[in-house]
Amino acid sequence: MIRVVLCDDHAVLRRGIRDTLCEAPDITVTAEAGGYAELREVLRTDLCDILLLDLNMPGRSGLEVLASVRETHPDIKVLIVSMYPEDQYALRCLKAGAHGYANKAGDPVQLIEAVRTVIQGRKYLTPEVAQMLADSLAQPTPELPHATLSERELQTLVKIASGRRLSDIAEELMLSPKTVSVYRSRVLEKLKLTNNAELTVYAIRNQLV
């Protein structure tokens, strides 16, 4: 039996993923967590072979949680499940040590396939991600400016471009408005932009939103 833990701050989405996985006779969801603090407690008490981890969570980003889990529980395989577009995030997650990347908007049955693939010690890649990976190896492309952003900086960019105010972003990420403002300043500097309007245009042109 493959033991899965879900970590996603949206209870409705967790329920949908759990219901999908429970249709498979060889998969059981042993626990759920809505954030990093809850996940730490879960991993102390519940058995886990595969962690299904959302990228966008309050407090700590998915990639930060991924790094922590890899350090504290190296035997757990991490499968990223996110609404973020694959072409912008999948390779970033794989390079950070994830064992696969699945889009929440995709066919739910793919999650079962992904879990079974990862438990076998293989990476789970959708055909689209596999093609992107092949293209990146065959013809390395110049690194886009936003590839240099940290995970928090990238989150700030995406949320600003989506119309969020800094106070809203701070609340969602469980950070102070001052900290979010610092991230915004770093993003503007790294991308050589001057204001939120230019950030939004950049994000749209690069299909980040």
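Heavy-atom basis, side chains included; hydrogens, waters and symmetry copies ignored.
- In this structure, OH in Tyr183 is found 12.0 Å from CG in Leu149, a value given to the nearest 0.5 Å.
- Heavy atoms only, all atoms of each residue included: Val42 and Ala33 are closest at CG2-CB, 4.4 Å.
- Each of Leu51 and Leu13 belongs to its own hydrophobic cluster when Ile, Leu, Val, Met, Phe, Trp and Tyr are linked at side-chain heavy-atom distances under 4.5 angstrom.
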Ile17 and Val29: CA distance, side-chain angles, deciding distance, side-chain contact (heavy atoms from CB on, under 4.5 Å) verdict: CA-CA 10 Å; Ile17 293 173; Val29 176; over 6 Å; no

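- Here the straight-line distance linking atom OH of Tyr36 with atom CE of Met174 works out to 13.5 Å at 0.5 Å rounding.
- In this structure, Thr179 contributes its side chain and Leu175 its backbone to no donor-acceptor pair below 3.5 Å.
- Here Ile27 contributes atom CD1 and Met1 contributes atom CE; the two are 9.0 Å apart, rounded to the nearest 0.5 Å.
- Grouping the Ile, Leu, Val, Met, Phe, Trp and Tyr side chains by contacts below 4.5 angstrom, directly or via other members, places Leu166 with Leu188.
- For the pair Asn206 (side chain) and Leu208 (backbone), a donor-acceptor distance under 3.5 Å is absent.
- Taking NZ of Lys190 as the start and CG of Leu154 as the end, the distance is 10.5 Å to the nearest 0.5 Å.
- Considering only heavy atoms from C-beta on, Leu94 comes within 4.5 Å of Leu125 through its side chain.
- Grouping the Ile, Leu, Val, Met, Phe, Trp and Tyr side chains by contacts below 4.5 angstrom, directly or via other members, places Ile2 with Ile112.
- Atom CD of Gln120 is surrounded by more than 12 heavy atoms from other residues, nucleotides or ligands within 6.0 Å.
- Cluster membership check: Val182 does not share its hydrophobic cluster with Leu199, using side-chain heavy-atom separations under 4.5 Å among Ile, Leu, Val, Met, Phe, Trp and Tyr.
- With hydrogens and angles disregarded, no donor-acceptor distance shorter than 3.5 Å links the side chain of Lys123 to the backbone of Tyr101.
- Taking the side chain as every heavy atom from C-beta outward, Arg152 and Glu64 approach each other to under 4.5 Å.
- Separating the OG1 atom in Thr194 from the NZ atom in Lys192 is a distance of 13.5 Å, to the nearest 0.5 Å.
- When side chains are defined from C-beta on, Leu21 counts as touching Leu6, because their heavy atoms get closer than 4.5 Å.
- The pair Asp49-Arg3 counts as a salt bridge, with a side-chain nitrogen and a carboxylate oxygen less than 4.0 angstrom apart.
- For Glu198, the CD atom counts as densely surrounded, since its 6.0 Å shell holds more than 12 non-hydrogen atoms of other residues, nucleotides or ligands.
- Shown here for Leu79 and Ala114, the closest heavy-atom pair between the two residues is CD2-CB, 3.6 Å.
- The nearest pair of heavy atoms linking Thr148 to Glu153 is O-OE1, 4.5 Å.
- Of the possible donor and acceptor atoms, one in the side chain of His99 sits under 3.5 Å from a partner among the backbone N and O of Val78.
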Apply side-chain contact (heavy atoms from CB on, under 4.5 Å) to Ile80 and Leu52, showing your working. CA-CA 6 Å; Ile80 300 295; Leu52 265 61; over 6 Å; no

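- Annotation for Arg92: atom CZ counts as buried by contact number, over 12 foreign heavy atoms lying within 6.0 Å.
- In this structure, the side chain of Ser162 engages the main chain of Val158 through a donor-acceptor pair within 3.5 Å.
- Considering every non-hydrogen atom in both Leu66 and Cys93, the closest pair reads CD2-O, 4.0 Å.
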Between Lys104 and Asp54, is a salt bridge (charged side-chain N to carboxylate O under 4.0 Å, His left out) present by the stated rule, with each step listed? CA-CA 9 Å; Lys104 288 181 183 177; Asp54 185 22; 3.4 Å; yes

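- Across Ala203 and Leu157, no two heavy atoms sit closer than the pair CB-CD1, 4.4 Å.
- More than 12 heavy-atom neighbours from other residues, nucleotides or ligands sit within 6.0 angstrom of NE2 on His146.
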Would Asn103 and Thr126 count as a side-chain contact (heavy atoms from CB on, under 4.5 Å) if you check the C-alpha gap in whole Å, the side-chain angles of each, and the deciding distance to 0.1 Å? CA-CA 9 Å; Asn103 197 303; Thr126 62; over 6 Å; no

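- Remark: Asp8 CG to Leu39 CG distance equals 11.5 Å, nearest 0.5 Å.
- Within the 4.5 Å cutoff, the side chain of Val180 has no heavy atoms near those of the Arg184 side chain.
- Hydrophobic clustering of Ile, Leu, Val, Met, Phe, Trp and Tyr side chains at less than 4.5 Å, counting indirect connections, keeps Tyr124 apart from Val5.
- Classification of Glu189 and Arg186 as a salt-bridged pair fails, no side-chain N sitting under 4.0 Å from a carboxylate O.
- Residues Asp168 and Lys159 are not paired through a salt bridge, judged by the lack of any N-O separation under 4.0 Å between the basic side chain and the carboxylate.
- A salt bridge links Arg116 with Asp26; the closest basic N to acidic carboxylate O contact falls under 4.0 Å.
- Across Cys7 and Gly35, no two heavy atoms sit closer than the pair SG-O, 4.0 Å.
- Contact check for Val81 versus Leu111: side-chain heavy atoms found under the 4.5 Å cut-off.
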Could you walk me through whether Ile76 and Leu43 pass the side-chain contact (heavy atoms from CB on, under 4.5 Å) test, one step at a time? CA-CA 10 Å; Ile76 293 178; Leu43 294 182; 3.9 Å; yes

